[in-house]
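Computation of the quantities below employed the complete heavy-atom set of this structure, encompassing side-chain atoms and omitting hydrogens, waters and symmetry-equivalent molecules.
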Amino acid sequence: MNSSFKRNNSAHIVPTKLTSSDLIYNASYNHWCPVGDIDGVTCKRIKTPNDYHGFLLRYESGANSGIQVNTDEFESLDIRLGSVTNAITDETYREGDKVTFDKGEVRELICEGEDAYIYCVMSKSKSKLP
């Protein structure tokens, strides 16, 4: 067989775009609401200053966010309870950890242990994040 005709089996996966506008459209201040089509991930809105939008995310045990990206905003995650692993970087964020994602940074968060609760803030300006 001629080795110059090797088959390229790599798959190209397009991340799901998820912004604060997407979450605001579906979220409530009083009730847990689904985050898009993601099984096991829900959120509530949190009242914040106009400089940014805040949400409390709940990842049930076994939940996987899928590959996501926010091309419009910077994001700050404050892990309040439990832990999640970023399958892209293989980093685990535990209770008390804070992580910031730049605009366009791809991630895939997985909750493998007990339910995780994460305070998420999104802003167009990195300097506006708390």
Begin from the C-alpha positions of Lys44 and Trp32 and carry the test side chain to side chain contact (heavy atoms under 4.5 Å, CB included) through to its verdict. CA-CA 5 Å; Lys44 283 185 180 182; Trp32 290 105; 3.5 Å; yes

For Leu18 and Leu23, run side chain to side chain contact (heavy atoms under 4.5 Å, CB included): C-alpha distance rounded to whole Å, both residues' side-chain angles, the deciding distance at 0.1 Å, then the answer. CA-CA 8 Å; Leu18 188 66; Leu23 291 178; 4.2 Å; yes

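At least one cation-pi condition fails for Lys124 and Phe74: the charged atom is not both under 6.0 angstrom from the six-membered ring centre and inside a 45 degree cone around its axis.
Across all their heavy atoms, Ala27 and Arg45 have their closest contact at CB-CG, 3.3 Å. Smallest separation of non-hydrogen atoms from Asp51 and Ser123: O-OG, 3.0 Å. Counting all heavy atoms, side chain and backbone alike, Thr100 lies closest to Glu105 at O-OE1, 4.2 Å. Nearest heavy atom pair, residue Val41 against residue Ala63, reads CG2-CB, 3.9 Å. Here the closest non-hydrogen pair linking Ser65 and Ile38 is O-CD1, 3.5 Å. Considering every non-hydrogen atom in both His53 and Ser20, the closest pair reads CD2-OG, 3.3 Å.
No continuous path of hydrophobic side-chain contacts links Val106 to Tyr59 [ILVMFWY only; heavy atoms under 4.5 Å]. Ile110 is not connected to Leu81 by any chain of hydrophobic side-chain contacts under 4.5 Å among Ile, Leu, Val, Met, Phe, Trp and Tyr, and they are in different clusters.
Looking only at side-chain heavy atoms (C-beta outward), Tyr52 and Met122 stay at 4.5 Å or farther from each other. Using a 4.5 Å cut-off on side-chain heavy atoms (C-beta onward), Val121 and Leu129 make contact. Looking only at side-chain heavy atoms (C-beta outward), Leu56 and Cys43 stay at 4.5 Å or farther from each other. Taking the side chain as every heavy atom from C-beta outward, Leu77 and Leu109 approach each other to under 4.5 Å. Between Tyr93 and Ser83, every side-chain heavy-atom pair lies at or beyond the 4.5 Å cut-off. Contact of the Val84 side chain with the Thr92 side chain is not registered, since no non-hydrogen atoms from C-beta on lie closer than 4.5 Å. Counting heavy atoms from C-beta outward, Leu57 and Arg80 have side chains that stay 4.5 Å or more apart. Contact annotation: the side chain of Asp72 approaches that of Lys17 to within less than 4.5 Å [non-hydrogen atoms, C-beta and beyond].
In this structure, the side chain of Asp97 engages the main chain of Arg94 through a donor-acceptor pair within 3.5 Å. Judged by distance alone, with hydrogens and angles left aside, the side-chain atoms of Asp90 form no donor-acceptor pair with the main-chain N or O of Ala87 at under 3.5 Å. Remark: side-chain polar atoms of Ser28 are paired, donor with acceptor, to backbone N or O of His31 under 3.5 angstrom.
Between atom CD of residue Gln68 and atom CZ of residue Phe101 there is a gap of 9.5 Å, rounded to the nearest 0.5 Å.
Side-chain contact of Asn86 with Glu108: a donor-acceptor pair under 3.5 Å is absent, judged by distance alone.
A side-chain contact (heavy atoms from CB on, under 4.5 Å) with Phe55 is found for one member of Val35, Ile118, Ile24, Thr48 and no other, namely Ile24.
Note on Lys103 versus Glu75: no salt bridge recorded, every NZ/NE/NH1/NH2 to OD/OE distance being 4.0 Å or above. Salt bridge annotation for Arg58-Asp115: absent, with no cationic side-chain nitrogen under 4.0 angstrom from a carboxylate oxygen.
Counted within 6.0 Å of OH on Tyr29, heavy atoms from surrounding residues, nucleotides or ligands total more than 12; the atom is thus considered enclosed.
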